[in-house]
Amino acid sequence: MLRSKNAPISALKFLLLFAICPFSTNAQVTHALGFQIGLSNVWYRSELPNKPSFSSHFLPAFSFEYAKYSDNLFWAGLSLGITPRNIPIYKYENYTKTGIQGPEFWGKVRAGLKIQRDFSTHLPFIALGAGYFSFDSEYSSGQGMVYNQSSTAVYPVRKPMPFIEVGNTVINTTFRENKRNVFISFLVRYYSVNTFKENVQFEYEPLAFTQVQYRMIEFVIAAGIQHQFHR
C-alpha cells in the first residue's frame with residue numbers, strides 16, 4: 001500500500017487544529033500546571049533481519065505539564081520532560097548486555113477529549129513531539145567488554161527523534177476547581193524514525209562484528225500532581 005508523503009504534515013495540521021479548540025471559546029477556562037514521574041519500558045525493535053530486539057524496563061520518566069481546559073469537549077496542553085535511555089547493542093552468551101546510555105530530552109503538544117464520570121474524569125489524548133538524545137557514556141550489565149570506545153563516532157544517534165503518542169489521564173472530577181489534584185497517566189509512544197542515522201557496526205569481540213538498528217516503542221505509567229487556576 002502506498003503511503004502519502006504528506007501524511008505526517010496532514011496529521012500535524014489536524015492535531016494543531018484540534019489543539020486550538022479549547023482556546024477558541026468564550027466559556028470558562030481552567031489552566032493547570034503539573035509535574036509527573038513515571039516508569040518507562042522501551043522495546044527496541046530490530047529493523048534488521050535475523051537480528052534480535054531488546055527491551056529496557058523500569059527507568060524513570062519526568063515531565064512538567066501545562067494544560068488548558070474549557071467547558072467544551074476538548075482540551076490541549078504542552079509537556080517538557082527527560083527520560084534516561086539504556087540502548088542495548090549486544091547480548092553475550094552469559095546474558096551480559098553492553099550498550100550506550102544517556103538522557104533524552106523531549107517536548108510534545110497534546111490534544112484530547114474530556115470524558116466525565118461520577119468520581120473521575122478521563123482525558124484521552126494524542127500527542128506529537130520530538131526527543132533529543134545526549135549519549136555520553138557506555139554501559140555494561142555485567143562483565144561484557146565494549147571494544148569500540150568512541151560513542152560519538154560509532155553510534156550516530158538521530159537528532160531530533162520525532163514521535164507520536166496516544167494515552168489517557170485519569171483525574172478526580174474536581175480538577176476544574178482552584179485546587180491541587182493528583183492524576184495518573186498511561187501512554188504508548190512510537191518513534192517514527194530509526195534510532196540511528198545509519199546501521200551501527202559493533203565489534204563485540206576482537207575482529208568480530210554485528211550490525212544493529214532499532215525503532216523505539218515506549219510504554220509509560222506515571223503519576224503526578226497539578227494545580228488548577230482561573231484567569
Side-chain angles (χ1 to χ4, degrees), residues 7-8 10-23 30-45 55-70 72-85 103-133 160-176 180-193 195 214-228:
S10 299
L12 178 59
K13 290 180 178 178
F14 174 77
L15 184 60
L16 291 176
L17 180 63
F18 193 38
I20 65 175
C21 289
F23 309 125
T30 300
H31 302 265
L33 294 175
F35 173 78
Q36 72 173 7
I37 181 172
L39 293 177
S40 167
N41 297 272
V42 181
W43 180 34
Y44 297 98
R45 188 188 71 187
S55 61
S56 65
H57 305 286
F58 305 119
L59 291 176
F62 309 91
S63 67
F64 292 94
E65 315 276 340
Y66 167 75
K68 193 173 184 180
Y69 312 91
S70 68
N72 61 26
L73 184 63
F74 305 105
W75 65 278
L78 301 171
S79 301
L80 296 174
I82 180 173
T83 306
R85 301 293 186 201
E104 177 195 356
F105 302 93
W106 52 263
K108 65 185 180 184
V109 56
R110 300 183 295 162
L113 304 175
K114 182 177 60 179
I115 304 174
Q116 290 188 278
R117 305 296 187 190
D118 291 338
F119 301 103
S120 64
T121 298
H122 291 260
L123 302 169
F125 63 85
I126 183 172
L128 292 178
Y132 185 90
F133 293 85
M161 289 277 289
F163 60 79
I164 185 170
E165 186 178 284
V166 293
N168 183 43
T169 295
V170 182
I171 194 169
N172 192 280
T173 54
T174 61
F175 82 100
R176 295 295 307 280
R180 293 185 180 90
N181 281 89
V182 295
F183 62 90
I184 186 168
S185 295
F186 310 87
L187 62 91
V188 179
R189 178 183 295 179
Y190 174 74
Y191 286 81
S192 57
V193 296
T195 303
Y214 301 121
R215 189 69 64 92
M216 291 173 53
I217 302 174
E218 182 177 20
F219 305 88
V220 177
I221 179 172
I225 185 171
Q226 75 176 32
H227 183 78
Q228 298 84 227

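This is a predicted model, so every value here is computed, not measured. Note that the numbering runs from 1 along the sequence shown for the chain.
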With side chain to side chain contact (heavy atoms under 4.5 Å, CB included) as the criterion, how do Phe119 and Asn172 come out once you've worked through the C-alpha distance, each side chain's angles and the decisive distance to 0.1 Å? CA-CA 6 Å; Phe119 301 103; Asn172 192 280; 5.9 Å; no
Closest approach of [X] to [Y] (non-hydrogen atoms, all atoms of both residues):
| X | Y | answer |
| --- | --- | --- |
| Thr83 | Pro60 | CG2-O, 3.6 Å |
| Arg110 | Ala127 | CG-CB, 3.5 Å |
| Glu104 | Gly131 | OE2-CA, 3.2 Å |
| Pro124 | Ile115 | CG-CD1, 3.9 Å |
| Ser70 | Arg176 | O-NH1, 3.3 Å |
| Ile82 | Pro103 | CD1-CB, 3.9 Å |

[atom2] on [Y] to [atom1] on [X], rounded to 0.5 Å:
| X | Y | atom1 | atom2 | answer |
| --- | --- | --- | --- | --- |
| Lys114 | Asn72 | NZ | CG | 6.5 Å |
| Phe64 | Leu33 | CZ | CG | 10.5 Å |
| Ile221 | Gln36 | CD1 | CD | 10.5 Å |
| Phe74 | Leu113 | CZ | CG | 6.0 Å |

Examine distances only and state if a side-chain atom of Asn168 and a backbone atom of Leu123 form a donor-acceptor pair shorter than 3.5 Å. yes
Does any part of the side chain of [Y], heavy atoms only, come nearer than 4.5 Å to the side chain of [X], both counted from C-beta?
| X | Y | value |
| --- | --- | --- |
| Ser185 | Val220 | no |
| Glu65 | Thr169 | no |
| Ile225 | Arg180 | yes |
| Ser56 | Arg85 | no |
| Leu187 | Lys108 | yes |
| Ile164 | Ser192 | no |
| Glu218 | Val42 | yes |
| Met216 | Tyr44 | yes |

With no hydrogens and no angle check, do the side chains of Thr173 and Thr121 hold a donor and an acceptor under 3.5 Å apart? no
Any chance the rings of Phe175 and Tyr69 have centres within less than 6.0 Å? yes
Residue of the set Tyr190, Trp106, Phe125 for which side-chain contact (heavy atoms from CB on, under 4.5 Å) holds with Glu165: Phe125
Is Phe35 atom CZ crowded by more than 12 heavy atoms from other residues, nucleotides or ligands, each under 6.0 Å away? yes
